[in-house]
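First the structure, in the form of structure tokens, and then the observations on it.
In what follows, every chain begins at residue 1, and chains take the letters A, B, ... in the order their sequences are listed.
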Amino acid sequence: MIELLGVSGTLLLLFAGFGVLIGLLFGFFGMGGSFLVTPALMVMGYETDVAVASGLAFVFATSVIATLKHRDLGQIDYKLGVLMIAGTTAGIEVGKMGLHRLQAMGLADTVVSVIYVALLGGIGVFITYTAVKGDGGGGISHNADADPDADDIPDIAKTIQSYSLPPMITIRGGVSVSLWMILLVAFATGLLSGFLGVGGGFIRMPALFYLIGVPVPIAVGTDLFEIVFSGGIGSFLYAMDGAVDLSIVVPLLAGSAGGARLGAAATSLVDEDEIKVYFGVMLLLGAVAVAIRKIGEFSDIPVLQTVSLVVIIGAAALVAGAVVLSSVKALRTEPAPATSTAD
Amino acid sequence: MFGIEDPTAIVDALQVIGIVLLEAILLYVGYGLLEWVLGPTLVDALRGEQ
């Protein structure tokens, strides 16, 4: 079998295929794709720091590509982005130190796995609940307005904006908010990035909207811009320890960049709410997969590792398949437009 | 954060990040071109018009 980057062609193809799934989900939902990478790598038996570092490097590269698109759409608040970078950088460093300390104590894998199960499960329950309830929460609206009226700002954001702890910063959309609140949100999400190897978008984007009141499209674009730097810095710090594995990142990215284009194209064809319930279930299955793996380790039942891997990849494939099938069905039933919808 | 570090480790780390960044930009341009060239044909094929 052909070997590239020191690993077999089969493994490279597996990563590229998994990347297509991740990219499809990221391109369609705008969140959640990278959240599956680190647990999947851990399930495959990679060391925790390699899984976290490679996941972070993958997030960095994916956000570079997505930011280039959002820049063209004028959906980035650079001032807010720079402030977020400052807070996140400190958070990443603290998170990384915490991970290394836990690793020295032999607890890193267990603690990271437990946090993953709690976060994946919690967000999965929230998204499934809101999708079944049908109020449109738990994800990114594809048709969000960049300049919302006051009614669009969540009540909690209005409360936070009412605390005028100086200095106050004016962000896009004319919203004025305390610098300290921005730094606090940035630090907390940076902590997660450094500790879990995730971009933090799944928590930072809702935090920007719900806690600070940034319009959704600006929150998405600014979040991605910020991830370029936080992901880049985080990857660099881990790369100095030799933890970033290019044989993982290169094929994953090659697949995901293509998948993200397909996912983005699908947003103009498929109603997100139709698919959201699958997405919530996928996150829940991700939590189940990590839990199965830990049980397998504690009980010394090696076959549970394989079961866990099948569950996590199967869950991603299920949702990606639902997106593709719904898109093809929509293409076949809708009349052809005057111009192509392939972006 | 950036205290007294091994210069070789810094160079190696910059190399790794550079490779990832270069791949991302190449993929952005490459897939963009591919979509521009093949996108309409693929959409027509999926619509069953070819």
Side-chain angles (χ1 to χ4, degrees), chain A residues 23 53-54 57-58 60-69 89-90 92-93 96-97 228 231-233 235-246 249-251 253-262 264-265 269 324 327-337 339-343, chain B:
Chain A
S54 303
F58 169 71
F60 160 62
T62 307
S63 61
V64 167
I65 295 171
T67 301
L68 287 170
K69 280 206 146 190
T89 305
I92 285 177
E93 184 62 14
K96 179 176 164 265
M97 279 160 51
V228 169
I233 292 165
S235 308
F236 176 76
L237 292 174
Y238 275 111
M240 285 205 300
D241 298 335
V244 175
D245 189 338
L246 285 178
V249 181
V250 168
L253 184 59
S256 79
R261 290 212 169 244
L262 295 174
L269 298 168
V324 171
S327 303
V328 172
K329 208 186 288 180
L331 267 176
R332 287 183 178 275
T333 50
E334 281 178 9
T339 54
S340 167
T341 57
D343 191 12
Chain B
M1 184 165 82
F2 297 103
I4 301 168
E5 311 280 0
D6 177 11
T8 317
I10 293 175
V11 172
D12 287 349
L14 283 174
Q15 225 165 21
V16 168
I17 301 305
I19 289 170
V20 173
L21 186 62
L22 182 68
E23 187 194 4
I25 292 168
L26 286 177
L27 288 172
Y28 177 71
V29 174
Y31 280 128
L33 280 173
L34 205 63
E35 183 179 310
W36 182 63
V37 173
L38 296 178
T41 312
L42 181 65
V43 170
D44 287 345
L46 289 172
R47 281 186 198 281
E49 291 173 0
Q50 280 186 354

Can you check whether A/Asp241 reaches A/Lys96 side chain to side chain, under 4.5 Å on heavy atoms? yes

Answer yes or no: is there a side-chain heavy-atom contact under 4.5 Å between A/Phe236 and B/Ile10? yes

I'd like to know which of A/Thr62, A/Leu68, A/Val328 tops the heavy-atom pair count under 4.5 Å against chain B. A/Leu68

Heavy-atom pairs under 4.5 Å with chain B, option from A/Ala254, A/Ser327, A/Ala57 with the top count: A/Ala254

To the nearest 0.5 Å, how far apart are CZ in A/Arg261 and CD1 in A/Ile65? 8.0 Å

Give the member of B/Leu14, B/Leu34, B/Val11, B/Leu26 that has the highest number of heavy-atom pairs under 4.5 Å with chain A. B/Leu14

Leading residue by heavy atom contact count with chain A [cutoff under 4.5 Å; candidates B/Ile25, B/Ile17, B/Val16, B/Ile19]: B/Ile17

Can A/Leu262 and A/Val324 be said to form a side chain to side chain contact (heavy atoms under 4.5 Å, CB included), step by step? CA-CA 8 Å; A/Leu262 295 174; A/Val324 171; over 6 Å; no

Closest non-hydrogen atom pair, A/Ala243 against A/Ser54: O-OG, 3.9 Å

Contacting region of A/Ala260 [heavy-atom separation from chain B under 4.5 Å]: neither

